Student: 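Would you mind keeping the following structure in view while I ask a few things?
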Amino acid sequence: QMNPVESGGGSVQAGGSLILTCTIARLPYITTGMAWFRQTPGKEREGVAVIRMGSGDTIYADSVKGRFTISRNYANNTVWLQMNSLKTEDTAMYYCAAGNARDLTMSSRSYGYWGQGTQVTVSS
């Protein structure tokens, strides 16, 4: 099974924290990048954070900088998204994706392997 598997979503009040976990059986590329995207009904999928599994280099969407942290365990192909100071606008389905990250990107077209998603709901 090459598609990532997400876990850890749930409901939290604004200002709270959640951590999402993503695992993949094996990395599909030498330069695999793992990314978190999110989507709400009627909107396009939005990139949140990306990490290159080998180097640990990261990029973040402006909307989450300083609040979210992406990290990885290269040995067991696991990626986490620590989400702090959550806002109601962070409510979305969160997806983990794997792609070839020679250039770090938040374009969803660069990711060929997708998880089923995990729901995050932030209430006021």
Side-chain angles (χ1 to χ4, degrees):
Q1 177 64 16
M2 284 300 299
N3 288 330
V5 178
E6 308 97 336
S7 62
S11 297
V12 66
Q13 286 194 320
S17 298
L18 279 174
I19 184 165
L20 305 182
T21 302
C22 173
T23 58
I24 189 168
R26 65 178 181 86
L27 301 180
Y29 308 101
I30 293 175
T31 53
T32 293
M34 300 291 292
W36 288 98
F37 288 80
R38 64 187 182 187
Q39 190 171 24
T40 54
K43 292 190 177 180
E44 290 191 4
R45 197 164 289 188
E46 170 193 25
V48 175
V50 181
I51 189 165
R52 187 180 286 121
M53 293 299 283
S55 66
D57 293 337
T58 60
I59 56 172
Y60 294 90
D62 288 342
S63 59
V64 306
K65 279 181 183 176
R67 299 189 299 122
F68 290 11
T69 301
I70 189 170
S71 59
R72 96 289 191 215
N73 183 320
Y74 185 64
N76 63 12
N77 303 334
T78 300
V79 174
W80 297 276
L81 184 68
Q82 175 70 50
M83 304 185 293
N84 297 328
S85 302
L86 282 161
K87 305 176 181 180
T88 55
E89 52 262 45
D90 294 317
T91 295
M93 183 72 79
Y94 282 72
Y95 297 90
C96 182
N100 193 338
R102 284 173 299 196
D103 299 309
L104 288 175
T105 176
M106 289 194 190
S107 170
S108 59
R109 293 174 296 179
S110 297
Y111 296 86
Y113 300 90
W114 291 84
Q116 293 296 310
T118 185
Q119 179 67 37
V120 171
T121 302
V122 184
S123 59
S124 58

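For clarity, every value in this text was computed on a predicted model and none was experimentally measured. Heavy atoms only: backbone and side chains are in, while hydrogens, waters and symmetry mates are out. Along the sequence shown, residues are numbered consecutively beginning with 1.
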Student: Quick one: name the residues clustered hydrophobically with Ile30, using the 4.5 Å side-chain heavy-atom rule over I, L, V, M, F, W, Y, and just say none if it's on its own.
Tutor: none
Student: Do other residues, nucleotides or ligands put more than 12 heavy atoms under 6.0 Å from Glu89 CD?
Tutor: yes
Student: Sort and list the pairs that fulfil disulfide bond (SG atoms under 2.5 Å apart) and have at least one residue in residues 7-113, not counting sequence neighbours.
Tutor: Cys22-Cys96
Student: As a quick check of understanding, evaluate side chain to side chain contact (heavy atoms under 4.5 Å, CB included) for Arg45 and Tyr95, giving each step before the final call.
Tutor: CA-CA 9 Å; Arg45 197 164 289 188; Tyr95 297 90; 3.6 Å; yes
Student: List the steps and the verdict of side chain to side chain contact (heavy atoms under 4.5 Å, CB included) for Val122 and Lys87.
Tutor: CA-CA 6 Å; Val122 184; Lys87 305 176 181 180; 5.6 Å; no
Student: Decide whether Met106 and Val48 are clustered together by the hydrophobic rule: side chain heavy atoms of Ile, Leu, Val, Met, Phe, Trp, Tyr closer than 4.5 Å, transitively.
Tutor: no
Student: Holding to salt bridge (Lys or Arg N to Asp or Glu O under 4.0 Å), I want the full list of residues that pass it with Arg38, two or more places apart in sequence or in another chain.
Tutor: Glu46, Asp90
Student: What pair of heavy atoms forms the shortest contact from Thr105 to Ile59, and how long is it?
Tutor: N-CD1, 3.9 Å
Student: Distance check, rounded to the nearest 0.5 Å: Met83 atom CE versus Ile19 atom CD1?
Tutor: 9.0 Å
Student: Measure the CE-OG1 distance between Met93 and Thr121 for me, rounded to the nearest 0.5 Å.
Tutor: 8.5 Å
Student: Under the criterion side chain to side chain contact (heavy atoms under 4.5 Å, CB included), I'd like the reasoning laid out for Ile70 against Val79: C-alpha separation, chi angles, the key distance, then a yes or no.
Tutor: CA-CA 7 Å; Ile70 189 170; Val79 174; 3.7 Å; yes
Student: If every non-hydrogen atom of Gly10 is compared with every non-hydrogen atom of Leu18, which pair is closest and at what distance?
Tutor: O-CD1, 3.9 Å
Student: Could you list all the ring-ring contact (aromatic ring centres under 6.0 Å, His included) pairs where at least one residue sits in residues 11-49, not counting sequence neighbours?
Tutor: Phe37-Tyr111, Phe37-Trp114
Student: Test of understanding: clusters of I, L, V, M, F, W, Y form through side-chain heavy atoms closer than 4.5 Å, transitively. Do Val50 and Leu81 belong to the same one?
Tutor: no
Student: Of all the heavy-atom pairs spanning Met2 and Pro28, show the shortest one and how long it is.
Tutor: CE-CB, 3.5 Å
Student: Please check if the side chain of Gln39 supplies one atom and the backbone of Ala92 the other of a donor-acceptor pair under 3.5 Å.
Tutor: no
Student: Closest approach of Thr118 and Ser7, non-hydrogen atoms and distance?
Tutor: OG1-C, 4.4 Å
Student: If we ignore hydrogens and angles and just use 3.5 Å, is the side chain of Arg72 paired with the main-chain N or O of Gly54 as donor and acceptor?
Tutor: yes
Student: Considering all heavy atoms of both residues, which atom of Gln82 and which atom of Ser17 are nearest to each other, and what is their separation?
Tutor: NE2-CB, 4.0 Å
Student: Is it the case that atom CG in Asn76 sees more than 12 heavy atoms from other parts of the structure closer than 6.0 Å?
Tutor: yes
Student: Going through the checks in order, is the side chain to side chain contact (heavy atoms under 4.5 Å, CB included) test met by Gln119 and Thr91?
Tutor: CA-CA 8 Å; Gln119 179 67 37; Thr91 295; 4.0 Å; yes
Student: Any idea which heavy atoms bring Leu20 and Gly9 closest together, and the distance?
Tutor: CD2-N, 3.6 Å
Student: Which residues satisfy the salt bridge (Lys or Arg N to Asp or Glu O under 4.0 Å) test with Asp62, sequence neighbours excluded?
Tutor: Lys65
Student: Give every residue pair that meets the ring-ring contact (aromatic ring centres under 6.0 Å, His included) criterion with at least one member in residues 52-85, sequence neighbours excluded.
Tutor: none
Student: Which value, rounded to the nearest 0.5 Å, describes the distance between Thr58 atom OG1 and Met34 atom CE?
Tutor: 14.5 Å
Student: Look up atom CD1 in Ile24 and atom OG1 in Thr32, then write down how far apart they are to the nearest 0.5 Å.
Tutor: 7.0 Å
